[in-house]
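We use all heavy atoms of the structure for the numbers below, so side chains are in, but hydrogens, waters and symmetry mates are not. Keep in mind it's a predicted model, so treat the numbers as computed, not measured. Order of the sequence lines fixes the chain letters, A, B, ..., with proteins taken first and strands second; residue numbering starts at 1 for each chain.
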Amino acid sequence: MKLTRRHALVMGAGAALANCITLPAFASLGDDAIAAFTGGAEVGDTGITLTAPAIAENGNTVPVSVDAPGAAEIMVLAMGNPTPAVGTFKFGELAGSQAASTRIRLAGTQDVVAIAKMADGTFVKASSNVKVTIGGCGG
Amino acid sequence: MASGVKPRVKVPKTAAAGDVVTIKTLISHKMESGQRKDDDGNIIPRSIINRFTCDFNGKNVIDVTMEPAISTNPYFEFEAIVPEAGDFKFTWYDDDGSVYEESKTIKIG
């Protein structure tokens with residue numbers, strides 16, 4: 001087969017896809033991580049705020065912030081990443097607020113989830129869908 | 001130790017006792033995720049900072065567990081209560097065992 005410019009483009013797109021192909025099947029991994037964190041306890045949905053952009057042009061650095069007054073720990077998950085866990089913030093006695101901001105990598109368009117463990121042992125969750133134009137999957 | 005690691009921290013120089021101050025930290029680190037491949041198709045091994053802590057006069061402010069999904073040059077912004085004058089101590093723990101430290105003094109004024 002003669003390699004035309006068009007073929008080269010198609011193959012390039014295919015190669016880029018192949019790098020990300022390991023992603024979709026991992027939604028359950030994220031659920032497993034949530035179960036491990038909450039221990040199967042019921043998860044509410046009030047008292048936590050997750051701020052993430054609706055559209056991220058570059059998945060390599062997506063600014064997110066979480067705020068959950070009264071939380072002891074907040075775990076952030078990117079449900080569509082090869083490894084869903086992003087990080088866990090534990091607040092000490094001198095924390096001025098139970099809030100933090102950071103920048104994360106997203107492999108593609110997906111839900112970002114934050115789960116807070118409150119001081120009284122209950123859990124609350126917030127999620128936000130982020131559309132990613134260029135994935136940070138390392139292709 | 002990863003090359004070119006340089007912590008940068010922004011803390012107000014003074015605060016009133018009991019004030020809540022905003023702290024911004026950034027450390028230059030490539031945070032190799034372990035997902036990328038080099039030109040020959042070999043996986044580049046993971047090399048990240050896996051934990052960050054901030055303490056004030058020995059009392060914990062925040063303790064962050066970090067996974068490969070944290071971006072290159074990890075950035076954190078958070079708030080701390082300043083009950084008295086003293087030192088903030090920031091510590092980053094690298095996968096390779098290196099520990100990077102930075103401290104900032106804050107005065108009551």
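- For A:Ala85, the parts lying near chain B are the backbone and the side chain together; criterion is any non-hydrogen pair under 4.5 Å.
- We find the OG-OH distance between A:Ser101 and B:Tyr75 to be 6.0 Å, quoted to the nearest 0.5 Å.
- Proximity to chain A (any heavy atom under 4.5 Å) is shown, for B:Pro74, by neither the backbone nor the side chain.
- A distance of 12.0 Å separates CZ in B:Arg51 from OG1 in A:Thr88, rounded to the nearest 0.5 Å.
- For residues 56-66 of chain B, the interface with chain A (any heavy-atom pair closer than 4.5 Å) comprises B:Phe56, B:Lys59, B:Asn60, B:Val61, B:Ile62, B:Asp63, B:Val64, B:Thr65, B:Met66, sorted by residue number.
- Residues satisfying the ring-ring contact (aromatic ring centres under 6.0 Å, His included) criterion with A:Phe123, sequence neighbours excluded, are A:Phe37.
- Contact annotation for B:Ile23: neither backbone nor side-chain heavy atoms come within less than 4.5 Å of a heavy atom of chain A.
- Under the 3.5 Å distance criterion, with hydrogens and angles disregarded, a donor-acceptor pair is assigned to the side chains of A:Arg105 and B:Thr72.
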### Message
Could you walk me through whether B:Glu67 and A:Leu77 satisfy the side chain to side chain contact (heavy atoms under 4.5 Å, CB included) test, starting with their C-alpha distance in whole Å, then the side-chain angles of each, then the deciding distance to 0.1 Å, before giving a yes or no?
### Response
CA-CA 10 Å; B:Glu67 305 287 343; A:Leu77 295 160; over 6 Å; no
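- Taken from CD in A:Gln98 to CD in B:Glu79, the straight-line distance is 10.0 Å, to the nearest 0.5 Å.
- Atom CZ of B:Phe88 sits about 7.5 Å away from atom CG of A:Leu94, to the nearest 0.5 Å.
- Interface check for chain A: of the options B:Ile81, B:Val82, B:Ile44, B:Asp55, the most heavy-atom pairs under 4.5 Å are formed by B:Ile81.
- Here the CZ-CZ distance, from A:Phe89 to B:Phe76, works out to 5.0 Å after rounding to the nearest 0.5 Å.
- Across all non-hydrogen atoms, the minimal contact from A:Asn81 to B:Ala69 is ND2-CB, 3.7 Å.
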